[in-house]
J.: 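I am attaching a structure below and will ask some questions about it afterwards.
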Amino acid sequence: MSGSPADAGDAAGRRRRFAAPPWGGRAGAGAVSMFAVASLGLALTGALTGAAMPALAQAVPSGPPIRLFPPPERMAVPDVGSGSGRVLDDPLASPGPSAAPLPLTSPDRAPSFDVVPTVAPPSTIAVETLGPLDPDGAGPLAGAAGLGNDPWRGIPRAEVLALLPELPTLTPSPAVKELQRRLLLSRGSPAAAPGEPEPARRFGALRVEKLAAMGDPRGAADLAALLPEAMTADEAAARALTDAELLAGPLDCAAAAERAKPFSGPYWQRVDLFCRLRAGRIGGGMPTEAGAAPAGEDLAFDMLREQPGGDPDFLRVAEAMAGGPAPRLRSLRDPSPLTLAALRALQAGLPPDVLSLTDPARLAAVASNIGTDPATRVTAAERAATALFLDSRRLEEAYRAAPAKGDELLRLKDAAARDRTARTRALVQQAMLAAMGGGRRVELAGLALELLDPPMLAGPVGAVVADMLDTLSPTPDAAALAPAAARLCFALGRADKGKRWYDLALRSRPTAEVARLWPLAVIALGPPPGGGALGLAGWLDESLHGADPEARARVAGQLALLQAMGVAVPEEAWRKIADPEETAPTPVDARPPTADPALWQRLAEASADRRVGETALAALLLLGNAGPAGTPPAVVARVVAGLRAVGLDGDARAIAREAAAALAG
């Protein structure tokens, strides 16, 4: 092959370079000279670079790499309205004000990628002087599990400490109790005002005491474990937690002994004696055989007997635990938690006057003692369960223990007509367990539904009846149960089961009873497409037909709840429910006379400013022990709207659902 002259010259040069040895002849000397020159140049370059490095190091700031060109995220896009470029926010840069995104292209001009520098105007900064944070801000719940990362923002510590003791403890509402529990267990603390003195009782200790009082000893113990400093300085909180554990049972004696170390006195000595007796240790803490040593020989008994203001009922039961005679208590009107715990450990019977107790925590201890008379036990269990101090499983156990007399189980319809007590509800449940025929089971389920009072719907009593309904199918032969069954399932938050019963009610019984369920179904399931088969207008027409003032007030409450949940309510609907005899109708958002004006205003201001903890606190205080089912609907609607405004949508829906279930009956 032939090549060009240039190729030939290059090839010859390559042959000459590789043929000449580098260590001899003229070619070698030239190569050495060239290498020396190159080495000298590199050395001079390195010296100059080394000398310049300190100056460069001082000129270049330290930190992240500097972009010499704008990143794609900061490239300008055309502003269609002004014709100039706008800089998009860099997601890696520090956060700042950002505008709404604009289209990347314009139909009449090509996009410009020129960088347009923008300077954000300085924002107005409000400076507020705050004192030190309360050190008791620990909590087991943080973020979404609780009420956010800073629930107490914006409310002074002194106001929180004044309001916490007023929180409800006897509410029949699971929604209220769950919101309150999360509020007290959430991580975070209110800030003290400048110069504010230390309070008499600390924030953490008050939270522990309130959790114990509302029947949540496990939550109280979890919180107390995070606040050892607060607990060692507050004997009232330590006693409240110990009493709650004694009543709920079983007491963690090791934790109680650790909790008692900073304190002394007869109470803690009695707790120590109970723990030693329960473990089979008397006297100097040495194990003994049951009954081997009489109680009188134990020095602890003698010391406790000599102390004024003791607990004689507990000492009598403690002597029985130590091997003495069984206690004979003819009356027990105000038993201490220690006495009830000791009686439960002995499985000893309780006198009937124990039902005069109003404390549901003590009633729960009575119900959990299998030595209690069954009639006393079932009444105590239902009262405790209605106040949410006993769960549905333990309530069912008490129901099954109630004895039937003669052929009572066959005449339950007559019994239910004249006696709406816990014993009748227990007999209905027993008959349901024994019934085999489908018709008989439908009849018994109907009786159980009729015997439910509104405060019982959303709690353990309603859950027991709902479990009975689970054994039935929502078929046409059970259509008579459908409205009440749907109402119960919705109240309990069992939306899927409630929908099946509600659909059956719509198909089979298009009556006013079914129409009253429409707001509850909307709150529990969400608005149906197009308003559903009934719709707002159809529901209003059906509910207002021949309605008296009481019925109109109920419809107004349902309408307020719907609006609070975000359902658009036209002005025409409000005009329809107005009393024709009223010349000046009451404004929709007017405060009911029974609502505390200070709490009403606090809720409005806190929710508008998105102060989560203060909003929840005001909402819980407005609902009080009555709960959503027993509070005026206008108050519940304001509470629901306030909770939704601060992002507590689940709590708002649960509260609205319970209130709507009460109004649907």
Side-chain angles (χ1 to χ4, degrees), residues 239 242-254 256-257 260 264-357 359 361-381 384 394 397-398 401-403:
R239 285 189 61 164
T242 306
D243 283 346
E245 290 181 333
L246 282 165
L247 292 172
L251 174 68
D252 184 345
C253 284
S264 61
Y267 173 83
W268 299 106
Q269 294 172 16
R270 290 193 292 269
V271 171
D272 177 67
L273 176 61
F274 168 77
C275 287
R276 291 193 290 118
L277 290 171
R278 196 184 67 177
R281 299 191 306 270
I282 61 174
M286 298 298 294
T288 66
E289 296 294 332
E297 292 183 7
D298 193 346
L299 181 61
F301 282 96
D302 295 334
M303 293 176 60
L304 290 173
R305 287 191 192 94
E306 295 172 0
Q307 291 172 344
D311 188 347
D313 289 335
F314 167 71
L315 288 178
R316 285 200 294 270
V317 181
E319 288 174 355
M321 292 180 68
R328 296 180 180 180
L329 303 174
R330 296 182 179 181
S331 178
L332 202 62
R333 293 187 178 275
D334 188 23
S336 67
L338 263 171
T339 300
L340 292 173
L343 287 167
R344 183 174 54 208
L346 281 175
Q347 299 182 8
L350 298 170
D353 68 350
V354 77
L355 290 178
S356 62
L357 294 171
D359 178 12
R362 301 188 193 200
L363 288 170
V366 171
S368 59
N369 184 347
I370 62 175
T372 306
D373 171 70
T376 302
R377 184 184 178 194
V378 71
T379 303
R394 294 166 72 186
E397 293 175 357

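Because the structure is predicted, anything quoted here is derived from the model rather than measured.
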J.: Please check: side-chain N/O of R344 versus main-chain N/O of L246, any donor-acceptor pairing under 3.5 Å?
T.: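 Here the side-chain-to-backbone pair exists.
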J.: Do the non-hydrogen side-chain atoms of L350 and D373 ever get within less than 4.5 Å of each other?
T.: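 No, every pair of side-chain atoms sits at 4.5 Å or beyond.
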J.: To the nearest 0.5 Å, what is the distance between CZ (R316) and CG (D311)?
T.: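 R316 atom CZ to D311 atom CG measures 9.0 Å (nearest 0.5 Å).
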J.: If you compare all heavy atoms of F274 against all heavy atoms of L338, which two are closest, and at what distance to 0.1 Å?
T.: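 The answer is CB-CD2, 3.7 Å.
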J.: Please check this pair: side chain of S368 against backbone of A364, looking for a donor-acceptor N/O pair closer than 3.5 Å.
T.: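 It does hold such a pair.
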J.: Restricting to non-hydrogen atoms, name the atom on A380 and the atom on A367 that form the minimum distance, rounded to 0.1 Å.
T.: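 Looking at all heavy atoms of both residues, the closest pair is C-CB, 4.2 Å.
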J.: Please lay out, stage by stage, how D243 and Y267 fare under the test side chain to side chain contact (heavy atoms under 4.5 Å, CB included).
T.: CA-CA 10 Å; D243 283 346; Y267 173 83; 2.7 Å; yes
J.: Between L346 and N369, does the side chain to side chain contact (heavy atoms under 4.5 Å, CB included) criterion hold? Intermediate values first, please.
T.: CA-CA 9 Å; L346 281 175; N369 184 347; over 6 Å; no
J.: Quick check for you: to the nearest 0.5 Å, what is the distance between F314 atom CZ and L343 atom CG?
T.: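 Interatomic distance, F314 CZ to L343 CG, rounded to 0.5 Å: 10.0 Å.
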J.: Please list every donor-acceptor pair under 3.5 Å in which a side-chain atom of residues 324-332 meets a protein atom from a residue at least two apart or in another chain.
T.:
unit_1, atom_1, unit_2, atom_2, d
S331, OG, D353, OD2, 2.5

J.: Give the C-alpha distance, both sets of side-chain angles, the deciding distance and a yes or no for side chain to side chain contact (heavy atoms under 4.5 Å, CB included) between V354 and T376.
T.: CA-CA 8 Å; V354 77; T376 302; 3.8 Å; yes
J.: Assess whether side chain to side chain contact (heavy atoms under 4.5 Å, CB included) is satisfied between R362 and L247, documenting all intermediate values.
T.: CA-CA 6 Å; R362 301 188 193 200; L247 292 172; 4.1 Å; yes
J.: Can you tell whether the side chains of D313 and R333 come within less than 4.0 Å, N to carboxylate O?
T.: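 No, no charged N to carboxylate O under 4.0 Å.
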J.: Any side-chain to backbone donor/acceptor pair from R278 onto L251? Under 3.5 Å, distance only.
T.: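 Side chain of R278 to backbone of L251, a donor-acceptor pair under 3.5 Å: yes, one is there.
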J.: Once you round to the nearest 0.5 Å, how far does CG of L357 lie from CG of D334?
T.: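 Reported to 0.5 Å precision, the distance equals 7.5 Å.
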J.: Just do the salt bridge (charged side-chain N to carboxylate O under 4.0 Å, His left out) check on D272 and R276 with the steps written out, would you?
T.: CA-CA 6 Å; D272 177 67; R276 291 193 290 118; 3.2 Å; yes
J.: Going from CZ on R270 to SG on C275, what distance comes out if it is rounded to the nearest 0.5 angstrom?
T.: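 If I round to the nearest 0.5 Å, the distance is 13.5 Å.
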